[in-house]
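Per chain, numbering begins at 1; letters A, B, ... match sequence-line order.
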Number of protein chains: 2
Amino acid sequence: MPRPMRADARRNYDKILATARIVFTERGTDSSLDEIAKRAGVGPGTLYRHFPTREALVDALMQDWTDRVSADADAAIATGQPAREMLLGWFEHFIDHITLHRGAASKICAAMDDPASPMYRKCRVMGEANRRVIDHLDVGGQLRPGVDAANVMRLVSGVASVADTSHADLDVRPMLEVVVDGIVRG
Amino acid sequence: MPRPMRADARRNYDKILATARIVFTERGTDSSLDEIAKRAGVGPGTLYRHFPTREALVDALMQDWTDRVSADADAAIATGQPAREMLLGWFEHFIDHITLHRGAASKICAAMDDPASPMYRKCRVMGEANRRVIDHLDVGGQLRPGVDAANVMRLVSGVASVADTSHADLDVRPMLEVVVDGIVRG
DNA sequence: CACAATACGGAGACTGTCTCCGTTTTAGCA
DNA sequence: TGCTAAAACGGAGACAGTCTCCGTATTGTG
């Protein structure tokens, strides 16, 4: 079991994370890491020791997203709405979360099928959340046969990615409606 | 009317483009531009004079993609297949083309709704091609009411982007099937 | 309070982007 | 053909971001 962090280490770790959250939200996940270090009041070396890559940093920030996404999935199921509404609501929440920082959605797309990525585990947690929703509707017989949760997840992440990348700020609703129509039993 | 390029300019322009095509295919659209210049046997200044940004270079390479995409759309229509097959075929061709260089798909997603992008016009050409296919099926009454060609385009580009980004090389077919089911009249 | 373990931080190596400007090439004209 | 203005070249180098190395500072434990 890993021994606890030294006090100064913990302090810097937290400070970096808090700063990164602000900067990434302001300017997207492509912001300069040295810049984040400077604004956090630490040297670049310190940042890189705690977070060897940009991915590792994004990953750490995503920690609470996964929790919220999981909760949203269960909340969606609890509503007991019919398939269409439940899915639309769930997908919209999911997209809201993963586009919290510009650029995050496409990183998630990349990590989803890459076990070597530090984000892989978090993607799995979100994937599990999605699976719960899909399975719930599936056993209720509300979905077309052969719908695969992993593919649904990819598809919705793709929509998120398009919305995030798009210069115009796009309404995802119409795209999600197509996806939902493709999933629920006609 | 613009006077013709000088012989040396034309020569270098072509050489850069040919080299970029090779390098982008080998290593994706993030390859170093100076590297491309070097391999093309020209100075960086020359590359940047012809193509002020990376986008401009990618855009120039896309020239023949748009032609092929257009032709594919018309070919798909000409098959006279039922909606499902026609769309699946068309979407797969489309994705094949826009993922020819790794990273291109997401650039296209970004350019699609950004009139300031140098790629915008090419995206419109591809968008028109897609619209022809969709309209053709729509007047034949084979689609759900309210299907919007622009959104279909975004959705399919999103699938392309996911496939392109994904570490594993993904089969796009299952995702496209969902999309198609969401579009054609149940 | 001493000292070993741990962490810090910033100088600087390295890589990629992009520009400026002295030099070379070209095309048109005598 | 030879001359010249205009056009294009190319590479040195300014700049920005990534990431590392190692001398210095901080921590917590015996």
Chemist: Taking all heavy atoms of B/Arg27 and all of B/Ser31, pick out the closest pair and write down the distance.
Modeler: CB-OG, 3.5 Å
Chemist: Sequence neighbours left out, what pairs pass salt bridge (charged side-chain N to carboxylate O under 4.0 Å, His left out) with at least one residue falling in residues 70-86 of chain B?
Modeler: B/Asp74-B/Arg132, B/Arg84-B/Asp181
Chemist: Salt bridge between A/Asp14 and A/Arg10, side-chain N to carboxylate O under 4.0 Å?
Modeler: yes
Chemist: Do NZ/NE/NH1/NH2 and the carboxylate oxygens of A/Arg131 and A/Glu128 come within less than 4.0 Å?
Modeler: yes
Chemist: Could you work out, with side-chain contact (heavy atoms from CB on, under 4.5 Å) as the rule, every residue matching B/Pro174, not counting sequence neighbours?
Modeler: A/Asn151, B/Asp171
Chemist: With a 4.0 Å cut-off on N to O distance, would you call B/Glu26 and B/Arg39 a salt bridge?
Modeler: yes
Chemist: Going by the rule side-chain contact (heavy atoms from CB on, under 4.5 Å), which residues pair with B/Asp96 if we only count those two or more places apart in sequence or in a different chain?
Modeler: none
Chemist: Quick one: is A/Ser32 getting a side-chain N or O under 4.0 Å of the D/dT18 phosphate, OP1 or OP2?
Modeler: yes
Chemist: Test: salt bridge (charged side-chain N to carboxylate O under 4.0 Å, His left out). Region: residues 145-166 of chain B. Which pairs qualify, not counting sequence neighbours?
Modeler: B/Asp113-B/Arg154
Chemist: List, with names and distances, any nitrogen or oxygen atoms from the protein found under 3.5 Å away from nitrogen or oxygen atoms belonging to nucleotides 27-30 of chain D.
Modeler:
residue : atom : partner : partner atom : Å
D/dT27  : OP1  : A/Arg11 : NH2          : 3.2
D/dG28  : OP1  : A/Ala7  : N            : 3.2

Chemist: Take atom CG of A/Asp30 and atom C1' of D/dT18, then tell me their distance rounded to the nearest Å.
Modeler: 13 Å
Chemist: Please list all pairs passing the salt bridge (charged side-chain N to carboxylate O under 4.0 Å, His left out) test where one or both residues lie in residues 45-57 of chain B, with sequence neighbours left out.
Modeler: none
Chemist: Need two values: the first and the last nucleotide of DNA chain C, 5' to 3', having an atom under 4.0 Å from any heavy-atom of chain B.
Modeler: C/dG16 to C/dA27
Chemist: Let me know, please, whether B/Asn12 or B/Asp34 comes out on the 5' side of the other along DNA chain D by nearest nucleotide.
Modeler: B/Asn12
Chemist: For B/Ala18, enumerate each residue passing the side-chain contact (heavy atoms from CB on, under 4.5 Å) test, keeping only those at least two apart in sequence or located in another chain.
Modeler: none
Chemist: Can you tell me the distance, in whole Å, between the CZ atom of A/Arg10 and the C1' atom of D/dT26?
Modeler: 17 Å
Chemist: Using side-chain contact (heavy atoms from CB on, under 4.5 Å) as the criterion, list what pairs up with B/Ala78, not counting sequence neighbours.
Modeler: none
Chemist: Which parts of residues 48-62 of chain B get close to DNA chain C, meaning a heavy atom less than 4.0 angstrom away?
Modeler: B/Tyr48, B/Arg54
Chemist: Which of these passes salt bridge (Lys or Arg N to Asp or Glu O under 4.0 Å) with B/Lys122: B/Asp67, B/Asp64, B/Asp59?
Modeler: B/Asp59
Chemist: Which parts of residues 13-25 of chain A get close to DNA chain C, meaning a heavy atom less than 4.0 angstrom away?
Modeler: none
Chemist: Going by salt bridge (Lys or Arg N to Asp or Glu O under 4.0 Å), name the residues that satisfy it together with A/Arg185, two or more places apart in sequence or in a different chain.
Modeler: none
